[in-house]
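To start, the structure itself, in structure tokens.
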Amino acid sequence: MTGAESEAHRLDKADPGHRHLFHVPPADGGRYPEAAYLAGNSLGLQPRATRAELLADLDAWGSLGVEGHLEGQRPWLSYHELLTGPVARLVGARPTEAVVMNSLTVDLHLLMVSFYRPAGRRTRIVIEDAAFPSDSYAVRSQARFHGLDPDATVLRLRPRPGEDALRTADVTDLLAAEGDTIALVLLGGVNYLTGELLDIPAITAAGRAAGAVVGWDLAHAAGNVPLALHDWGVDFAAWCSYKYLNSGPGALAGVFVHERHLGRADLPRFEGWWSTDAATRFEMTPTSRPPATVEAWQVSNPPILAMGPVRTSLELFDSIGMPALRERSLRLTAYLERLLDEVTAGRPLTVVTPRDPARRGCQLSVRVGAGSAGELTKRLRHEHGVIADAREPDVVRFAPVPLYSTYHDCWRVADALAATVAEVTP
Ligand SMILES: *Cc1c(COP(=O)(O)O)cnc(C)c1O
């Protein structure tokens with residue numbers, strides 16, 4: 001064992017994390033039985049607690065039938081309320097401001113029904129040029145829905161030439177200069193590709209000062225970085241639960257709407273029977289009575305068997321706490337960064353994630369030779385048991401997540417990269 005590898009083991013003893021709470025896939029190759037799983041930014045690992053909790057919900061259906069709506073350990077009618085406290089604490093929301101429902105892009109559309117209201121000169125939507133494609137398609141289709149030309153309506157923020165990250169001042173300057181044409185700012189809190197954490201409070205303040213509505217896609221931020229959506233004055237936000245929130249493939253999403261918009265009769269919303277006040281829902285009246293909470297944005301009754309894994313995972317975050325996870329995340333990512341700096345020196349590899357820990361979550365993105373991201377990722381997996389995530393053509397993403405990643409996982413990444421990517425001979 002090399003000195004560097006024993007150092008990794010030493011760090012793991014001193015700072016063990018919570019790996020024992022998760023199922024870790026076996027390695028597909030290499031010298032170690034378990035995979036070094038660095039793809040929690042794409043699909044989080046399964047908590048060991050999830051199976052029993054899910055089976056208990058399934059058993060309630062088996063033993064209670066329709067009576068499960070009102071009876072049993074977790075009656076289905078109010079099941080979503082079990083998730084409200086933990087999800088609100090996770091994102092810094094009041095309990096009236098957060099709910100788990102649908103999937104992410106669907107929720108973005110439901111929120112844009114309320115919060116994208118182009119009028120007069122104020123029609124444009126600001127996104128990042130490197131936005132996740134689903135968000136780009138969503139806002140372009142919203143523009144078309146309002147009879148607008150998506151190319152003229154969607155303004156894409158680009159880093160300065162030669163840079164990989166956006167600068168906060170460039171974004172706030174743009175909002176100040178062109179704010180009267182902007183209806184909606186909809187950015188990723190942590191960019192899926194570069195791992196850049198935007199200055200959410202500063203950009204929110206600048207967008208609102210310019211008269212725009214400011215929403216955030218927190219797919220890569222929820223469960224990765226601490227959030228204070230209420231205090232930051234964010235208008236609305238949505239995030240999925242299958243990345244850092246470990247709730248399983250396609251898991252339900254979370255939604256935040258700021259208190260100042262709750263109960264507003266002037267905001268359009270698409271409604272269904274779950275949009276009406278729960279106390280009078282079964283009076284079966286033809287018109288709804290929406291509550292003055294984010295639950296007014298719910299449409300359908302939730303899929304209970306899909307809520308279970310989200311509940312289990314949120315309870316885990318709630319009991320450990322985001323501040324402690326962020327602390328460990330900063331330590332792990334700094335360690336991986338140091339190892340990557342050693343490996344990338346002299347190789348055709350560049351870390352493109354911001355160097356300032358305050359400007360990123362746990363993910364570090366490495367630019368590799370054009371067209372080689374997929375091939376490199378395959379070799380890491382099959383020759384070294386390292387599971388990373390390729391974004392073609394040229395980015396490989398590594399996310400040491402504080403819940404279950406180890407220092408030894410980080411060491412394996414660096415060791416595998418060194419063995420896989422040839423040194424550049426001068
Ligand atoms: C993962 C991700 C999505 C995925 O959208 P779904 O509706 O959950 O399929 C959307 N936007 C961003 C920014 C993402 O990172």
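First listed ligand is number 1; within each ligand, the first listed atom is number 1. Heads up: numbering here begins at 1 and tracks the sequence.
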For H220, the ligand 1 atoms whose distance to one of its heavy atoms is below 4.0 Å: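 Matching atoms, with element in brackets: 15 (O).
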
Subset of ligand 1 atoms that lie under 4.0 Å from at least one heavy atom of K243: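 Listed by number with element, the hits are 1 (C), 2 (C), 3 (C), 14 (C), 15 (O).
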
Side-chain heavy atoms of [X] within contact of [Y], under 4.5 Å:
X    : Y    : result
V421 : V368 : no
W239 : D107 : no
K243 : Y192 : no

Charged N-O contact under 4.0 Å between R355 and D341: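 Answer for the salt bridge query: yes.
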
Under-4.0 Å heavy-atom contact with ligand 1, by part of T105 that carries it: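 Within the 4.0 Å criterion, T105 contacts ligand 1 through backbone and side-chain atoms alike.
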
Side chain, backbone, both or neither: the part of D135 lying under 4.0 Å from ligand 1 by heavy atom: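 D135 to ligand 1: side-chain contact only, backbone stays beyond 4.0 Å.
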
Residue and atom name of the nearest protein heavy atom (relative to atom 9 (O) of ligand 1), distance in Å to one decimal: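 For atom 9 (O) of ligand 1, the nearest protein heavy atom comes out as Y242 OH, 3.6 Å.
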
Ring-ring centroid check H146 Y116, cutoff 6.0 Å: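 Here the rings of Y116 and H146 have centres that are less than 6.0 Å from each other.
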
Candidate with minimal heavy-atom separation from atom 3 (C) of ligand 1, of F132, W239, Y137, W216: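 Looking at heavy atoms only, F132 sits closest to atom 3 (C) of ligand 1.
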
